[in-house]
**Student:** 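A single structure is presented below for examination.
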There are 2 protein chains.
Amino acid sequence: MFESYTIKDIAKALGLSTSTVSRALNGSYEIGAETKKLVLEYAEKVNYRPNPIALSLKEQKSHSIGVVVCEVANNYFSQAINGIESIAYNRGYHVIITQTHESFDRECTNVKHLLSRHVDGLLVSLSAETTDTSQYQYLHEKGFPIVFFDRVAADVNTHKVIANNFKGSFDAAELLINTGFKKIAHLTSSNNLLITRERFNGFKAALDKHHLDFKPGYLKHCNQGGMIQDEIEFAIKELLSMDEKPEAIFIGSDRLTISCMHILKKLGIKVPDDIAIAGFTNSDVVELFDPPLTVIRQPAFQIGQLATEMLIKTIESKWPVEEFTTEQVETELIARSSSQKPR
Amino acid sequence: MFESYTIKDIAKALGLSTSTVSRALNGSYEIGAETKKLVLEYAEKVNYRPNPIALSLKEQKSHSIGVVVCEVANNYFSQAINGIESIAYNRGYHVIITQTHESFDRECTNVKHLLSRHVDGLLVSLSAETTDTSQYQYLHEKGFPIVFFDRVAADVNTHKVIANNFKGSFDAAELLINTGFKKIAHLTSSNNLLITRERFNGFKAALDKHHLDFKPGYLKHCNQGGMIQDEIEFAIKELLSMDEKPEAIFIGSDRLTISCMHILKKLGIKVPDDIAIAGFTNSDVVELFDPPLTVIRQPAFQIGQLATEMLIKTIESKWPVEEFTTEQVETELIARSSSQKPR
DNA sequence: GTGAAAGCGCTAACAA
DNA sequence: TTGTTAGCGCTTTCAC
């Protein structure tokens, strides 16, 4: 069962050469129908499976793709990885997952490691710390297939898959405004990330539309992307101790949203009575929270699938790919009681 | 950067043979110190990385391990996979993850697929549907490395890693009893799984210790392991409509615990006022639930690490491994308000 | 239509 | 100490 037959075994058993067997198995036309049938039947009988490693060596392809994300234990990324795996599996690719934990150094190490593993392409979501994307630029120029998803590199002109962050933010902010909140803070990730800036822009646009001033003190960046609990706690405490305390917080990342809820609970702050909350998260259980959370959800699974399809298409393209597209998918706003006006 | 140098390139550049280069790189002692230094320096300079595929072909090892779990989007398994990856990565192994979605057929397909990928060993957690473990028995007898974790096969004598399910259940049940509940139902997964039976035994032992009768009608199995929502909802509705309605439910699996909370919310049942809840889950956010959940947590990350270490040790053993051990780790009971006595 | 031989990158037995 | 050679499993020219 696991000691598998080789092409050589079949050749020997059938009194043929290995090349003939290979041709039969690969449906080559320059082969006798008789012989072909014979080989195919025998291969079926002994349950022949080509050795993927030998194939890889021959084809100079590893049939594996490298994934770089900040962390797996994150609702968004675990769902995206699910999507990645679902496509990769069907197309015969391994997926090698690496985590940056929001560190640029780790990101570089991971990319090097994946390249030394001879992955055929890279699926990347940048770390919160990353500003230098030259390694990707270099690889991309050399023709190495890379697809960015979610946290994309603005200055590398390759395939990208992103959510409509602007609209997601805009909708959430507008919901808060329409509910009657005027003093809305924005807790978000590092400004290095393009998604952070897009989400801020959406938020700002909603304020503008409704003629509300944006107060710089209401904008809090967690430059570690929320990997350090103290960073978030500090930002929240600052917001809560302001003279003009915000009535609501709109949160710009999955991890921050969940962490914020933990911290507010710890501090004994009531949501939405003391402060209302709305944020990006892909958690499936937020409806069970106290209070149920108002969230912006991204189609993470679909994003993972899309990115993987684009990557494999690039990998398998016969010609150097010159045209690169950016796919944008829509987010979904789900209103629950965490963003309600306290009575 | 990604067009890597081969041993041949180095040999040519230095006017040596490939074997000499290979020896230098592998620190063989039968080589001149001079030559060695030369090769090493050059290799360093051009950033030489051995081709893992060529190595695999040569060594007849894929340096990858196959993982079979029911699903990744499960708190317990995503944490376990994290543990698996952390060890495998450091030891130079790929991890190929497959999901059964609790189907025995899928499980068989996955195992076949992994074997055709020439994985060096298997990390398995059985599906809820599985009763026939002969494929593992067969592989194991042939000397193929397999480690079971969590949902182990009782009749295959190989390495296993499990949590102390009996004690975990016992403690949780005793907590409910000590809180004052006498009518305690048990909602659990398929009885095919050994963990289901162990958890039931722990639950039963606590009842016995406190001289409480076990009522067969209070035991509900979800034979699909909770993959079908209706199955769980049906079981819960049955419990709630009994003449002698239970005062508390003790739940025997991660997925069931979370699903149960969704269903109770949907049905408008108040926890713990209408019914108290305690259950196995590894979710990190249950303290934010309404009400905060009383849970039994497993050290999933550690279980994944342990299982992977055992597997790699077996894979790399020079001699056929004859001695197999079962590692048992402790669970943790965290009491919160979902299991409190309503006033 | 089929076979022989080379080669993918690497290691190791054997020669020198 | 170093080089030559064969071979891991497979595909693909190039002969016949």
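Since this is a predicted model, take the numbers as computed values, not measurements. Lettering follows sequence order; numbering is per chain, from 1.
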**Student:** If I take atom NZ in residue A:K58 and atom P in nucleotide C:dC8, what distance separates them, rounded to the nearest angstrom?
**Tutor:** 8 Å
**Student:** Residues in salt bridge (charged side-chain N to carboxylate O under 4.0 Å, His left out) with B:E102, at least two apart?
**Tutor:**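 In terms of salt bridge (charged side-chain N to carboxylate O under 4.0 Å, His left out), with neighbours along the sequence ignored, B:E102 is linked to B:R151.
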**Student:** Determine whether a donor-acceptor pair (N or O, by modelled atom type, separation under 3.5 Å) exists between the side chain of A:E309 and the backbone of A:I87.
**Tutor:**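 Not at all, since once roles are kept as given, no pair shorter than 3.5 Å links the two residues.
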**Student:** Between CD of A:Q60 and CG of B:N51, what distance do you get to the nearest 0.5 Å?
**Tutor:**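 Answer rounded to 0.5 Å: 7.0 Å.
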**Student:** With A:H159 as reference, evaluate A:F149, A:F324, A:F148, A:Y136 under the ring pair (Phe, Tyr, Trp, His ring centres under 6.0 Å) test and give the passing residue.
**Tutor:** A:F324
**Student:** Could you check how far NZ of A:K61 sits from P of C:dG9, rounded to whole Å?
**Tutor:** 16 Å
**Student:** Holding to side-chain contact (heavy atoms from CB on, under 4.5 Å), I want the full list of residues that pass it with B:S64, two or more places apart in sequence or in another chain.
**Tutor:** B:S62, B:H94, B:I96, B:V119
**Student:** Surrounding OH of A:Y5 (heavy atoms of other residues, nucleotides or ligands, distance under 6.0 Å), is the total greater than 12?
**Tutor:**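 Check fails, neighbour count at 12 or below.
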**Student:** Have a look at A:L57 and say if it touches a base, only the backbone sugar-phosphate, or nothing, with a 4.0 Å heavy-atom cut-off.
**Tutor:**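 Since a base atom lies under 4.0 Å of A:L57, the category is base.
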**Student:** First and last nucleotide of DNA chain D touching chain B, 5' to 3', heavy-atom cut-off 4.0 Å?
**Tutor:**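 Endpoints of the contacted stretch of DNA chain D: D:dT1 to D:dG9.
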**Student:** Is there a residue in residues 14-23 of chain B whose heavy atoms reach under 4.0 Å of DNA chain C, and which residues are they?
**Tutor:** B:S19, B:S22, B:R23
**Student:** Could you give the angle between the helix axes at the two ends of the helix from C:dG1-D:dC16 to C:dA16-D:dT1, with five pairs per end, rounded to 10 degrees?
**Tutor:** 60°
**Student:** Send over the distance from B:L55 CG to C:dC8 P, rounded to a whole Å.
**Tutor:** 16 Å
**Student:** Return the value, rounded to whole Å, for the distance between atom CD of B:Q60 and atom P of C:dC10.
**Tutor:**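 Taking atom P of C:dC10 as the reference, CD of B:Q60 is at 17 Å.
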**Student:** Specify the separation, in whole Å, of atom NZ of A:K37 and atom C1' of C:dT2.
**Tutor:** 19 Å
**Student:** To the nearest Å, give me how far apart CG (A:N26) and P (C:dT2) are.
**Tutor:** 15 Å
**Student:** Using modelled atom types and a 3.5 Å cut-off, is there a donor and acceptor pairing between side-chain atoms of A:S86 and backbone atoms of A:G83?
**Tutor:**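 Pair found, side chain donor or acceptor close to backbone of A:G83.
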**Student:** Using a cut-off of 4.0 Å on non-hydrogen atoms, how would the nucleic acid contact of B:T35 be classed: base, sugar-phosphate, or nothing?
**Tutor:**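 Sugar-phosphate, no base atom in range.
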**Student:** Remember a base hit wins even if backbone is also touched, and classify B:Y5 as base, sugar-phosphate or nothing at under 4.0 Å, heavy atoms.
**Tutor:**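 Nothing, no nucleic acid heavy atom in range.
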**Student:** B:E41 and B:K45: salt bridge (charged side-chain N to carboxylate O under 4.0 Å, His left out), yes or no, with the steps?
**Tutor:** CA-CA 6 Å; B:E41 274 171 3; B:K45 201 185 96 194; over 6 Å; no
**Student:** Could you check whether any side-chain N or O of A:T308 sits under 3.5 Å from a backbone N or O of A:G304, counting only pairs where one atom can act as donor and the other as acceptor?
**Tutor:** yes
**Student:** Quick check: on DNA chain D, is the nucleotide nearest B:E59 upstream (toward 5') of the one nearest B:E34, or the reverse? Name the residue that is more 5'.
**Tutor:**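 It is B:E34, whose closest nucleotide lies nearer the 5' terminus.
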**Student:** Would the distance check show the side chain of B:D120 and the main-chain N or O of B:H63 forming a donor-acceptor pair, the cut-off being under 3.5 Å?
**Tutor:**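 Yes; at least one donor-acceptor contact below 3.5 Å.
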**Student:** Would you please confirm or rule out a distance under 4.0 Å between OP1 or OP2 of C:dG7 and any side-chain N or O of B:K8?
**Tutor:**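 The answer is no; no side-chain N or O of B:K8 sits under 4.0 Å from OP1 or OP2.
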**Student:** Donor-acceptor pairs are to be reported for all side-chain atoms of residues 9-19 of chain B against protein atoms at under 3.5 Å, with residues two or more places apart or in another chain.
**Tutor:**
from: B:D9; atom 1: OD2; to: B:T6; atom 2: N; distance (Å): 2.8
from: B:D9; atom 1: OD2; to: B:T6; atom 2: OG1; distance (Å): 3.3
from: B:S17; atom 1: OG; to: B:S19; atom 2: OG; distance (Å): 3.1
from: B:S17; atom 1: OG; to: B:T20; atom 2: N; distance (Å): 3.3
from: B:S17; atom 1: OG; to: B:T20; atom 2: OG1; distance (Å): 3.0

